[in-house]
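A quick write-up on the structure given underneath.
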Amino acid sequence: MRKTSLIHCFARQVIRSSSSSSSYCRSFSSSPSNNKLFVAGLSWSVDEKSLKEAFSSFGEVSEVRIMYDKDSGRSRGFGFVNFSREDEASSAKDAMDGKALLGRPLKVSFALDKVNREPLNTRYSNRGTTFGRSR
DNA sequence: GTTGAGCGTT
């Protein structure tokens with residue numbers, strides 16, 4: 001009876017409602033996102049469909065997003081893969097992490113939640129301050 | 001025609 005069961009839930013830290021406004025969820029565990037995967041080390045010639053095809057073999061890929069450069073328009077070499085199940089995502093990560101795609105080693109890891117944030121104190125008037133260049 | 005550590009828009 002080898003049932004992969006579920007992931008060991010890692011360290012599930014329940015966010016206590018300390019404040020109804022600040023949700024500073026910093027890297028609590030090694031899995032900030034469950035079904036969200038961060039794929040890096042991709043070749044600059046890789047597309048979303050290639051990644052989806054590569055990760056679709058482990059499960060159902062719900063969404064695949066690759067980041068592209070706004071200046072050049074070329075792929076930055078990293079993207080995000082969303083699975084329908086965290087079990088598949090974990091398998092894909094554990095299976096594709098370290099492997100190679102298009103001749104380049106892939107680096108798969110859980111993605112950080114940067115879209116699930118709902119901050120209220122945001123100053124959109126921060127325009128005008130050039131912080132140099134984006135990282 | 002280039003480069004190679006990383007965490008992203010709707």
Side-chain angles (χ1 to χ4, degrees):
Chain A
M1 312 162 200
R2 220 168 278 155
K3 207 188 260 182
T4 18
S5 267
L6 295 164
I7 309 146
H8 292 279
C9 287
F10 297 106
R12 218 177 248 186
Q13 295 219 342
V14 184
I15 302 163
R16 296 174 191 166
S17 47
S18 47
S19 281
S20 57
S21 50
S22 41
S23 35
Y24 290 111
C25 304
R26 273 198 196 183
S27 314
F28 275 129
S29 299
S30 303
S31 59
S33 42
N34 296 335
N35 6 356
K36 226 180 287 182
L37 248 54
F38 169 72
V39 186
L42 301 170
S43 191
W44 298 305
S45 305
V46 169
D47 5 34
E48 301 179 352
K49 73 167 167 52
S50 301
L51 263 181
K52 189 193 167 133
E53 289 294 310
F55 281 78
S56 188
S57 299
F58 297 96
E60 186 175 303
V61 180
S62 177
E63 184 69 64
V64 178
R65 186 77 68 111
I66 296 189
M67 291 277 114
Y68 294 92
D69 191 86
K70 296 177 280 194
D71 301 323
S72 245
R74 293 174 191 171
S75 62
R76 285 189 181 178
F78 76 95
F80 300 89
V81 183
N82 199 249
F83 278 84
S84 301
R85 237 177 123 141
E86 49 184 297
D87 187 11
E88 303 171 337
S90 175
S91 297
K93 165 181 159 270
D94 188 44
M96 294 293 289
D97 183 31
K99 298 301 181 285
L101 185 62
L102 298 196
R104 244 72 185 188
L106 260 59
K107 292 177 282 190
V108 186
S109 26
F110 291 100
L112 315 174
D113 30 358
K114 283 210 175 165
V115 68
N116 262 353
R117 299 212 313 187
E118 41 221 299
L120 284 96
N121 56 344
T122 6
R123 277 195 195 175
Y124 298 101
S125 309
N126 268 3
R127 253 208 281 174
T129 32
T130 35
F131 282 35
R133 44 189 77 170
S134 53
R135 225 173 187 194

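Order of the sequence lines sets the chain letters (A, B, ...), proteins ahead of strands, with each chain counted from 1.
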Give one of base, sugar-phosphate or nothing for A:S75, where a contact means two heavy atoms less than 4.0 Å apart.
-> nothing
d(CG, A:D97; P, B:dA5) in whole Å | 16 Å
Return yes if a side-chain donor-acceptor contact under 3.5 Å exists between A:S91 and A:D94, otherwise no.
-> no
Among B:dC7, B:dG6, B:dT2, find the nucleotide with the atom closest to the side chain of A:A40.
-> B:dG6
Between A:F83 and A:A92, the two heavy atoms sitting closest are CZ-CB, 3.5 Å
Between atom NZ in A:K36 and atom C1' in B:dT9, what is the gap in whole Å?
-> 11 Å
Close side-chain approach of A:F80 and A:N82, heavy atoms under 4.5 Å = no
Send over the distance from A:W44 CH2 to B:dG1 P, rounded to a whole Å.
-> 14 Å
Mind calculating the distance between CG (A:L112) and P (B:dA5) to the nearest angstrom?
-> 19 Å
A:N82 CG - B:dT10 C1' separation (whole Å) = 14 Å
Ignoring the backbone of A:K107, work out which of B:dT3, B:dG6, B:dC7 is nearest its side chain.
-> B:dG6
Map A:M67 and A:R74 onto DNA chain B by nearest heavy atom, then report which one ends up closer to the 5' terminus.
-> A:R74
Have a look at A:G41 and say if it touches a base, only the backbone sugar-phosphate, or nothing, with a 4.0 Å heavy-atom cut-off.
-> base
Whole-Å distance, A:R104 CZ to B:dA5 C1', equals 14 Å
Under the criteria of a ring-centre distance below 5.5 Å and an interplanar angle below 30°, is A:F78 stacked with the base of B:dC7?
-> no
Nearest-Å distance, CZ (A:F110) to C1' (B:dC7)?
-> 14 Å
Can you find a pair of side-chain heavy atoms, one from A:F55 and one from A:M96, that are under 4.5 Å apart?
-> yes
For A:F38 and B:dA5, give me the distance from atom CZ to atom C1', rounded to whole Å.
-> 9 Å
Picking from B:dT2, B:dC7, B:dG4, which would you name as closest to the side chain of A:S109?
-> B:dC7
Looking at B:dC7, B:dA5, B:dT9, which one has an atom nearest to any side-chain atom of A:R65?
-> B:dT9
Check the surroundings of atom NZ in A:K49: do more than 12 heavy atoms from other residues, nucleotides or ligands lie under 6.0 Å from it?
-> no
Would one find a side-chain N or O of A:R76 under 4.0 angstrom from OP1 or OP2 of B:dC7?
-> no
Earlier contact from the 5' end, DNA chain B, for A:L42 and A:F80 = A:L42
